*Asks:* 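Got a structure for you, written out below as structure tokens; questions coming shortly.
Quick caveat: nothing in here was measured; it's all calculated off a predicted structure.
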Amino acid sequence: MRQKIQNTNPDFSLKSEPTLPYFFEKDGLEMKSSYTENDSKVLTEKKYAAGIAPYLRGPYSTMYVQKPWTIRQYAGFSTAEESNAFYRRNLAAGQKGLSVAFDLATHRGYDSDHPRVEGDVGKAGVAIDSVEDMKILFNEIPLDEISVSMTMNGAVLPVLAFYIVAAEEQGVSQDKLSGTIQNDILKEFMVRNTYIYPPTPSMKIIADIFEYASKNIPKFNSISISGYHMQEAGATPVLEMAYTLADGLEYVRTGMKAGMKTDDFAPRLSFFWAIGMNHFMEIAKLRAARYIWANLLTPFNPQNPKSLALRTHSQTSGWSLTEQEPFNNITRTTIEALSSALGGTQSLHTNALDEAIALPTDYSAKIARNTQIILQQESGITDVVDPMGGSHLVESLTQQMIDEAMKFIDEVEKEGGMTKAIEAGIPKMRIEEAAAKKQAKIDSGEEFIIGVNSFKSTQKQMELDILDIDNSEVRRKQIERLHQIKRDRNPEAVVEILNKLKESAKSGEGNLLEICIEAARRRVTLGEMSDAMEESFGRYKANIRTIQGVYAMNASKNEYFPKALALTEKFEEHEGRRPRIMVVKMGQDGHDRGAKVVATAFADMGFDVDVAPLFQTPEEVAKQAVENDIHILGVSSLAAGHKYLVPEVVSELKKLGAEDITIVVGGVIPKQDYEFLYANGADFIFGPGTNLPKSACEILEKMLIN
């Protein structure tokens, strides 16, 4: 809350003293209403320059004056053919690089014919099962000219191998490839959850990729250390920056333990930030991150100054987009894109206006892309290096973020590094606390979101055209191609290379990426490679932890919160026990911010709350629901699998005689799908921007009537 300091001389005149600043909390930092040169002199007096360590004002001396940031739109959906057509249209319209989104089955190391991924294939990204899919994905796209960024972590080895072999069969040698593979598994254990193997073998995979890339793919970034999903999961900008840099430090040590020198791989490290609606703090974050990274790397004694330079890709926030009045999202994305550019990003993805509802259409993607072109060519911000440099506010915020981030980095270091901190659950806990606090403030109206909790429209919203993927047809085509590949390949050669891969995973000898590249040449599939390594590594299962009290501490101004508490007490009087809800995410989607916030808030409102393990099938969820004797099943959906998963879990509950369980569906669900879900068993549907105590009241009131 903003705490005003009273002005001792309220009768303002030109000769009176200026009003004293008042202080307030914003995303975990203490801010004030006005800044002077005294606030910024710590950094401005040192006269930092762009292109010179510690790179506070930018990693390159001329920044955008000679060349603006790369417009790199993240996209991928359905089949490789459809994604390829989309990429080619975007490249023709001014996009300069590709950023590939893979479907959840691919992320989790499953081929499209695996029974666990029936609702996920092609839904939230492109399905890639083999090198043949990758060749189609980049058909007629010259890989020696176009840089490619691939967001892949769990199944990073087969996906990178497919890309290398696809380029090879296009006639492009490895030394000509440019781009980035995300390859950031530590953040998966914190927030996004698209991991496959446990932390220790996952770090071995990263070391092998570092080693292979430094020798064979010199222009390719072997890792993109990502904070994006941390902020999407609820981290403040400071937490996002601190934990991302701590991850980077862990990766540097991993490379050195593998026998490499810092300069062998550090110049090809890159970072990836989320850019939210806190405009000046996001600008300061990018500047502070460069400063901290240069200082963290200095003790490793690099001889190449590029080893100290933090280069980054950025993406505007997906979480800040709203279902209500979606055209407001164009403005939000523009503000965030401007923050990213003023902070000095090297490439940028701008989200489309409809991404709080569904996958972007060509029309909405064009608006998002053109937002960047307008900023580059019409705004004048590319004419000056670090346009915000010298601003009292920005310089002060930069210093404050440096100081605060180092506190969290030091905490991680005291645990023994990020792997140990993750095992102790520290980053996950702090991020989930921040998410719960943020949601409570929004639900209470302390933080404004236009169209959601302030300036709400009374007019009926225009229904947007959305991109709807026929998941069953995509899966059918993928399975057909898988069968064809397996018929045409040499089975003895496949068995031989898979045995070699298994042995390498078991012994720790040999380079896993090198073996996977040979396996890709022999048409081994993604699922087969993943299964071979899983035999030795195992498949990781996360411990489920929930927090309590944080939401309640920040919900005092929410009028529905005490009503919800009263209704849970009334329910207990009526039923003899408190209302019991199980919050689930089915399928392979690991984005669990919404599910965790709902679990935390409902627990604070007096519900008994169970949180189901991630990645369960509808059959597994129904069985657990019955065993736990729940009243309410809360299904969280983000990755467009709701039209398959919800009817399936309802069907499984009916088989077990549990059709009386109330089904609540929440998340990113287009209005066009509501009627279908209601007809197939959903009792309540709540989209983005839902006030959680209000939704709890609605559910309990109806249950008490019935």
Side-chain angles (χ1 to χ4, degrees), residues 150 152-157 159-160 180-192 194-218 220-227 229-230 242-272 292-302 304 306-311 409 412-424 426-427 504-516 533 536-538 540:
M150 292 179 284
M152 177 52 62
N153 302 285
V156 62
L157 287 171
V159 165
L160 185 52
T180 304
I181 186 81
Q182 190 165 99
N183 192 26
D184 176 9
I185 201 63
L186 287 174
K187 72 100 169 47
E188 299 297 326
F189 296 115
M190 275 188 266
V191 287
R192 190 165 175 252
T194 54
Y195 42 69
I196 301 175
Y197 316 112
T200 299
S202 294
M203 295 302 280
K204 154 70 174 166
I205 289 169
I206 286 170
D208 282 4
I209 291 171
F210 282 179
E211 181 185 39
Y212 186 91
S214 66
K215 294 175 182 175
N216 301 284
I217 331 173
F220 201 82
N221 300 322
S222 53
I223 193 168
S224 175
I225 306 157
S226 175
H229 299 97
M230 295 183 203
Y243 290 150
T244 305
L245 295 174
D247 281 352
L249 201 53
E250 193 87 335
Y251 294 134
V252 168
R253 290 173 179 146
T254 298
M256 297 187 74
K257 283 178 185 175
M260 290 178 278
K261 295 179 180 178
T262 311
D263 291 335
D264 291 340
F265 61 91
R268 301 313 306 172
L269 301 178
S270 72
F271 288 77
F272 174 26
I292 295 173
W293 184 245
N295 281 279
L296 289 175
L297 266 286
T298 297
F300 293 94
N301 197 31
N304 184 348
K306 291 182 179 178
S307 292
L308 301 178
L310 184 154
R311 298 161 301 105
I409 293 171
V412 168
E413 288 295 286
K414 285 175 184 175
E415 282 291 320
M418 187 50 96
T419 303
K420 296 289 186 185
I422 288 170
E423 289 171 354
I426 294 170
S504 178
K506 184 177 180 181
S507 67
E509 300 296 322
N511 187 289
L512 291 168
L513 177 56
E514 189 172 352
I515 299 168
C516 286
M533 288 181 281
S536 297
F537 295 158
Y540 181 75

*Asks:* Are the side chain of Asn295 and the backbone N or O of Ile292 linked by a donor-acceptor pair below 3.5 Å?
*Replies:*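 It does not hold such a pair.
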*Asks:* I need the minimum non-hydrogen distance between Ser214 and Met260, along with the two atoms involved.
*Replies:* OG-SD, 4.2 Å
*Asks:* Which word best sums up how the rings of Tyr540 and Tyr195 line up, parallel for under 30°, tilted for 30 to 60°, or perpendicular for over 60°?
*Replies:*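 Correct class here is perpendicular.
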*Asks:* Is the backbone N or O of Leu269 less than 3.5 Å from a side-chain atom of Asn221, with the two atoms forming a donor-acceptor pair by type?
*Replies:* no
*Asks:* For a side chain to side chain contact (heavy atoms under 4.5 Å, CB included) check, start with the C-alpha distance between Phe220 and Ile181, then their side-chain angles and the critical distance, and finish with the verdict.
*Replies:* CA-CA 8 Å; Phe220 201 82; Ile181 186 81; 3.9 Å; yes
*Asks:* What's the spacing between Phe271 CZ and Arg311 CZ if we round to 0.5 Å?
*Replies:* 9.5 Å
*Asks:* So Met150 and Thr180, side chain to side chain contact (heavy atoms under 4.5 Å, CB included) or not? Walk me through it.
*Replies:* CA-CA 6 Å; Met150 292 179 284; Thr180 304; over 6 Å; no
*Asks:* For residues Tyr251 and Leu186, determine if any side-chain heavy atom of one lies less than 4.5 Å from a side-chain heavy atom of the other.
*Replies:*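 Tyr251 vs Leu186: side chains touch.
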*Asks:* Over all heavy atoms of both residues, which pair between Gly538 and Tyr197 is shortest? Give the atoms and the distance, please.
*Replies:* O-CD2, 3.4 Å
*Asks:* Could you tell me the separation between the CG atom of Asn301 and the OG atom of Ser307, rounded to the nearest 0.5 Å?
*Replies:*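 It is 10.5 Å, given to the nearest 0.5 Å.
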*Asks:* Does the pair Phe272 and Asp184 meet the rule for a side chain to side chain contact (heavy atoms under 4.5 Å, CB included), with working shown?
*Replies:* CA-CA 10 Å; Phe272 174 26; Asp184 176 9; over 6 Å; no
*Asks:* Do Phe537 and Thr200 have side-chain heavy atoms sitting under 4.5 Å apart?
*Replies:*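 Result no, sub-4.5 Å side-chain heavy-atom pair not found.
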*Asks:* Regarding Thr419 and Glu250, is there a side-chain donor-to-acceptor distance under 3.5 Å anywhere?
*Replies:*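 On atom types as modelled, these side chains qualify, holding a pair under 3.5 Å.
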*Asks:* Could you tell me whether the side chain of Phe265 reaches within less than 4.5 Å of the side chain of Val252, counting heavy atoms only?
*Replies:* yes
*Asks:* Between Glu188 and Thr194, do the side chains contain an N or O donor and an N or O acceptor separated by less than 3.5 Å?
*Replies:* yes
*Asks:* For Arg268 and Ile217, indicate whether the former's side chain and the latter's backbone hold a donor-acceptor pair under 3.5 Å.
*Replies:* no
*Asks:* Would you give the length of the straight line joining atom CG of Leu249 to atom CH2 of Trp293, rounded to the nearest 0.5 angstrom?
*Replies:* 6.0 Å
*Asks:* Please answer whether the main-chain N or O of Tyr212 pairs with a side-chain N or O of Glu514 as donor and acceptor at a distance below 3.5 Å.
*Replies:*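 Not a single qualifying donor-acceptor pair exists.
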*Asks:* Indicate yes or no: at least one non-hydrogen side-chain atom of Leu157 is less than 4.5 angstrom from one of Met533.
*Replies:* yes
*Asks:* Would you indicate whether the side-chain heavy atoms of Met230 and Lys187 approach each other to under 4.5 Å?
*Replies:*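 The answer is yes, as the side chains (C-beta and beyond) meet within the 4.5 Å cut-off.
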*Asks:* Asn511 side chain to Asp208 main-chain N or O, any donor-acceptor pair under 3.5 Å?
*Replies:*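 Checked: pair present.
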*Asks:* Determine the minimum heavy-atom distance between Phe189 and Ser202, stating which atoms define it.
*Replies:*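 Heavy-atom minimum between the residues: CZ-OG, 4.0 Å.
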*Asks:* Can a salt bridge be assigned to the pair Glu413 and Arg253 using a cut-off of 4.0 Å between side-chain N and carboxylate O?
*Replies:*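 Counted as a salt bridge, because a side-chain N and a carboxylate O are separated by less than 4.0 Å.
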*Asks:* So, applying side-chain contact (heavy atoms from CB on, under 4.5 Å) with Ile223, which one of Asn153, Asn183, Val156 is it?
*Replies:* Asn183
*Asks:* If you compare all heavy atoms of Met190 against all heavy atoms of Pro427, which two are closest, and at what distance to 0.1 Å?
*Replies:* SD-CB, 3.3 Å
*Asks:* Using side-chain heavy atoms (C-beta onward) and a distance below 4.5 Å, is Met152 in contact with Gln182?
*Replies:*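 No, too far: nothing below the 4.5 Å cut-off.
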*Asks:* Where do Ala242 and Ile409 come nearest, in terms of heavy atoms and distance?
*Replies:* O-CG1, 3.5 Å
*Asks:* Please report the interatomic distance OG(Ser222) to CD(Glu211), rounded to the nearest 0.5 Å.
*Replies:* 11.5 Å
*Asks:* Let me confirm one number: the CG-CG distance from Leu297 to Leu245, rounded to the nearest 0.5 Å.
*Replies:*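 Between atom CG of Leu297 and atom CG of Leu245 there are 10.0 Å.
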*Asks:* For Ser504 and Leu512, work out which heavy atoms get closest and say how close.
*Replies:* OG-CD2, 3.5 Å
*Asks:* How long is the span from the OG1 atom in Thr254 to the CD1 atom in Ile205, to the nearest 0.5 Å?
*Replies:*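 So the OG1 of Thr254 and the CD1 of Ile205 are separated by 12.0 Å.
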*Asks:* Could you tell me whether a side-chain N or O of Asp263 sits under 3.5 Å from a main-chain N or O of Asn304, the two making a donor and an acceptor?
*Replies:*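 Side chain of Asp263 to backbone of Asn304, a donor-acceptor pair under 3.5 Å: yes, one is there.
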